[in-house]
Amino acid sequence: MKRGLFITVEGTDGSGKTTQMGLICEFVRSIGCEAITVREPGGTRISEQIRNIVLDPEYTEMCFKTEILLYSASRAQLMAEIVRPALEHGRIVICDRFIDSTYAYQGFGRGVEPGLLENINNFIIEGIMPDITFFFDLNPELALGRRVASTVTDRIENEKMEFHKRVHNGYVKLAEKYPDRIKKIDSNRSVEAIWEDVRRVLESIIY
Ligand code: TMP
């Protein structure tokens, strides 16, 4: 199968990943490549509807099984409609969150057994793994403070600080487990300094 490049960005809420995702996209386009940017949950008509449900702060009664299945359904549709076809056409796909979010939030955050999440993910992604994942590492107290100060918070952001600390710790563990794929970037710095590190990694995989 002809294969493009699949880049994912990860981190706790407010870690600055969305700003860096924009810079990654600009960089890819500046070197003449076509970049497709998507987000999870979301990215397709159906997945955006799922996003509205799964993040709605009104649905405090949502059980963890529903939560896993909604994120998974959103991902399945995104893979089928956008990610798989784009990679098959040799394109560069940049995705704001992917499977590592499920391991960090539902696995470490909610305490769901990782083997179960792996089985569900394998069913959905059918071997399409990111070539590179940027984990924007920022202490969740700092990260969430930034985020909550600037916007209306969603159902996940409304979780207790303990939950966000478990998620953050989960990301740190995942980055230790998969050092070749997951690049941990210290996000407690200026946008320019963070970008410098990200650009270096990108250049090493693109050129
Ligand atoms: P964001 O678009 O602002 O990053 O919000 C998405 C939220 O959904 C964020 O809190 C992380 C969470 N999430 C999960 O809990 N599991 C997942 O699999 C994904 C993709 C996101």
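Note that ligands are numbered from 1 as they come in the structure, with each ligand's atoms numbered from 1 the same way. We number each residue from 1, following the sequence as shown.
For E159 (side chain) and H164 (main-chain N/O), no donor-acceptor pair under 3.5 Å exists by modelled atom type.
Ligand 1 does not have E67 within reach: every non-hydrogen atom of the residue lies 4.0 Å or more from it. Distances from ligand 1 to the non-hydrogen atoms of V167 include no value under 4.0 Å.
Within ligand 1, counting atoms from 1 as listed, the ones closer than 4.0 Å to a heavy atom of K17 are 4 (O). Taking a cut-off of under 4.0 Å to the non-hydrogen atoms of R97, the atoms of ligand 1 that pass are 1 (P), 4 (O), 6 (C), 9 (C), 11 (C), 21 (C). In summary, the atoms of ligand 1 found under 4.0 Å from a heavy atom of R75, numbered by their order in the structure, are 18 (O), 20 (C).
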Criterion side chain to side chain contact (heavy atoms under 4.5 Å, CB included) on L5 and C33, from CA distance to verdict: CA-CA 11 Å; L5 190 69; C33 299; over 6 Å; no
Going through the distances and angles, do T66 and Y59 end up as a side chain to side chain contact (heavy atoms under 4.5 Å, CB included)? CA-CA 11 Å; T66 303; Y59 297 143; over 6 Å; no
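Using a 4.0 Å cut-off between charged nitrogen and carboxylate oxygen, E162 and R166 do not count as a salt-bridge pair. Salt bridge R199/E192: absent, no basic N to carboxylate O contact under 4.0 Å.
The option with the heavy atom closest to atom 15 (O) of ligand 1, from among E10, Q106, E40, is Q106. Nearest-heavy-atom check against atom 5 (O) of ligand 1 across R39, E157, R51 picks out R51. Considering each of N158, V9, T8, L55, the one bringing a non-hydrogen atom nearest atom 7 (C) of ligand 1 is L55.
Using a 4.0 Å cut-off between heavy atoms, H164 makes no contact with ligand 1 at all.
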Sequence neighbours left out, cut at 3.5 Å: what donor-acceptor pairs do the side chains of residues 125-135 make with other protein atoms?
residue : atom : partner : partner atom : Å
D131    : OD2  : R3      : NH1          : 3.4
D131    : OD2  : F6      : N            : 2.6
T133    : OG1  : T8      : OG1          : 2.8
T133    : OG1  : R181    : NH1          : 2.7

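For a threshold of 3.5 Å applied to N or O pairs, the pair formed by T102 and ligand 1 contains at least one separation below that value.
The 12-atom threshold is not exceeded at CD of Q49, counting heavy atoms of other residues, nucleotides or ligands nearer than 6.0 Å.
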